[in-house]
Amino acid sequence: MKEQFRKNLDEVIWNIEQARITITEHHIVKLVAVGKYSDEQSIKTLYELGQRAFGENQVQQLQTRMQNLEELPLEWHMMGHLQSNKINKLIEARPTLFQSLDSLKLAEALNTKLLEKTQKMSCLLQINAANESTKSGVSSEEAFDIYQRIQESCPQLKLKGVMSIGAHVTDEKIIQKSFEATHKIYDALKKEGASICSMGMSSDYELAIKCGSNLVRIGSKLFK
Ligand SMILES: *Cc1c(COP(=O)(O)O)cnc(C)c1O
């Protein structure tokens with residue numbers, strides 16, 4: 001398993017490198033390994049190969065893995081839709097970054113609970129740039145305003161930027177459009193302090209980076 005993972009990781013890192021230098025040499029891209037199709041031993045193996053940032057899309061799994069792998073110096077990202085009855089669990093887990101803040105309502109509920117516990121949380125606003133009914137996230141049109149409103153009304157949330165999932169189609173042009181739409185919003189939000197543009201998964205991370213992504217979330221390409 002370790003040799004296969006080494007090959008996967010080398011390939012992904014190489015591809016990220018090729019894509020990022022098309023922007024500039026200074027365009028740094030963070031790799032978050034998504035472990036949802038995988039087990040704790042696999043995460044440990046990837047850690048031994050040098051990977052430090054990991055992500056999950058279910059709070060329960062996130063919490064369990066954070067606890068079981070506590071002795072490793074890892075950072076943990078949550079990147080799935082959060083039901084409001086799971087807010088307390090997420091706060092308990094204390095992830096490094098909550099990437100899927102997908103509505104003003106969730107932001108306000110999360111803020112209230114964080115205030116009770118005098119805790120803060122770093123978050124990304126999820127944008128549904130491809131306008132797909134199967135995906136959560138705020139629309140491209142509303143994203144800028146909602147971002148500002150969260151900053152004004154949710155002091156316990158530290159907004160760091162935006163996250164988006166590429167359009168779920170085979171036509172690369174349409175996927176590119178969805179990434180470009182997200183990146184445009186990210187650009188506008190830089191003056192509001194945004195520094196993270198999270199776009200790109202196993203099937204589309206090189207394209208996402210060429211569109212300006214500086215954080216990719218990769219599962220199947222690493223853990224196969
Ligand atoms: C599963 C998941 C990923 C990784 O998907 P792969 O296609 O396996 O790379 C990235 N982001 C989110 C939000 C996910 O749920």
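Both counts, for ligands and for their atoms, begin at 1 and track the order of listing. Hydrogens, waters and symmetry mates play no part in the numbers below; they use all other heavy atoms, side chains included. Position 1 is the first residue of the sequence; numbering continues from there.
- Counting heavy-atom neighbours within 6.0 Å of K177 NZ, excluding the residue itself, gives a total of 12 or less.
- Ranking the protein heavy atoms by distance from atom 13 (C) of ligand 1 puts M79 O, 3.1 Å first.
- Contact atoms of ligand 1 toward I218: 9 (O) (distance under 4.0 Å to a heavy atom of the residue).
- Nearest non-hydrogen protein atom to atom 2 (C) of ligand 1 is K36 NZ, 2.5 Å.
- Counting heavy atoms of neighbouring residues, nucleotides and ligands inside a 6.0 Å radius, atom CD of E92 exceeds 12 of them.
- Among all protein heavy atoms, the one lying closest to atom 9 (O) of ligand 1 is S202 OG, 2.6 Å.
- Counting heavy atoms from C-beta on, the side chains of I218 and V32 never come closer than 4.5 Å.
- Salt bridge present: E48 and K2 bring a charged side-chain N and a carboxylate O closer than 4.0 Å.
- Of all the atoms in ligand 1, the ones that sit under 4.0 Å from a non-hydrogen atom of G219 are 4 (C), 6 (P), 8 (O), 9 (O).
- When only non-hydrogen protein atoms are considered, atom 5 (O) of ligand 1 lies nearest to M201 CE, 3.6 Å.
- Remark: among candidates R217, K221, H77, the nearest residue to atom 12 (C) of ligand 1 is R217, based on non-hydrogen atoms.
- Once rounded to the nearest 0.5 Å, the distance linking CG of N57 with OH of Y37 reads 7.5 Å.
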